[in-house]
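Given the structure is predicted, the values throughout are model-derived calculations rather than measurements.
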Amino acid sequence: MVALLGSLLALVAGGLRGPVLVADILLVLAAAYDYGRLPGPTKLEVQRSLPGKVGLSRPFPRTLLLVNRGATALDVEVYEEFPESFEVAARSAYGVSATPRPEDPTGGPDRAKLDAG
């Protein structure tokens, strides 16, 4: 927003055109650099594992593995949809237990920080 106001001001005040143009170029370069550091789909590996057989009304573990092969650490949140008949009894991330949210049948989002690969 500040860059936009500065650019508009530079249109009115001729003496500010040079410095504002340099600032705009630096802003575009910073945005391009930030975008370039985002991991592509090939840099994020997602695996889900379930038991081969699951009995009705019996608890079963579900594991979700996320691996970041990118150059930048990521903060991630995983949201999953379950049938209404499912109930999340326990959650854990990095081996640490978390209490499911009672108002959310999915137990709430799982959050983690993935280190750079």
Engineer: Of all heavy-atom pairs between Pro39 and Gly70, which one has the smallest distance, and what is that distance?
Structural biologist: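 In this case the closest contact between Pro39 and Gly70 is CB-CA, 4.5 Å.
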
Engineer: Tell me whether Val54 is reachable from Leu50 by hopping between hydrophobic residues (I, L, V, M, F, W, Y) whose side-chain heavy atoms are closer than 4.5 Å.
Structural biologist: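 Yes, Leu50 connects to Val54 through the hydrophobic network.
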
Engineer: Decide side chain to side chain contact (heavy atoms under 4.5 Å, CB included) for Val78 and Val46; before the verdict, give the C-alpha distance in whole Å, the side-chain angles of both, and the deciding distance to 0.1 Å.
Structural biologist: CA-CA 11 Å; Val78 177; Val46 180; over 6 Å; no

Engineer: Would you check if Leu66 and Val76 make a side-chain contact, meaning some heavy-atom pair closer than 4.5 Å?
Structural biologist: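 Yes; the side chains approach each other to less than 4.5 Å.
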
Engineer: Distance from Leu38 atom CG to Leu74 atom CG, nearest 0.5 Å?
Structural biologist: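 Here the rounded value is 8.5 Å.
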
Engineer: For the pair Asn68 and Asp115, evaluate side chain to side chain contact (heavy atoms under 4.5 Å, CB included) and give the outcome as yes or no after the intermediate values.
Structural biologist: CA-CA 7 Å; Asn68 177 19; Asp115 295 329; over 6 Å; no

Engineer: Give the minimum heavy-atom separation between Ala71 and Arg37, together with the two atoms involved.
Structural biologist: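 For Ala71 versus Arg37, the nearest heavy atoms are O-NH2, 4.0 Å.
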
Engineer: Side chains of Ser49 and Leu65: closer than 4.5 Å at any heavy-atom pair?
Structural biologist: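 No, every pair of side-chain atoms sits at 4.5 Å or beyond.
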
Engineer: Within this structure, what is the OG1-CG distance for the pair Thr72 and Asp34, rounded to the nearest 0.5 Å?
Structural biologist: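 Atom-to-atom, Thr72:OG1 and Asp34:CG are 8.5 Å apart.
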
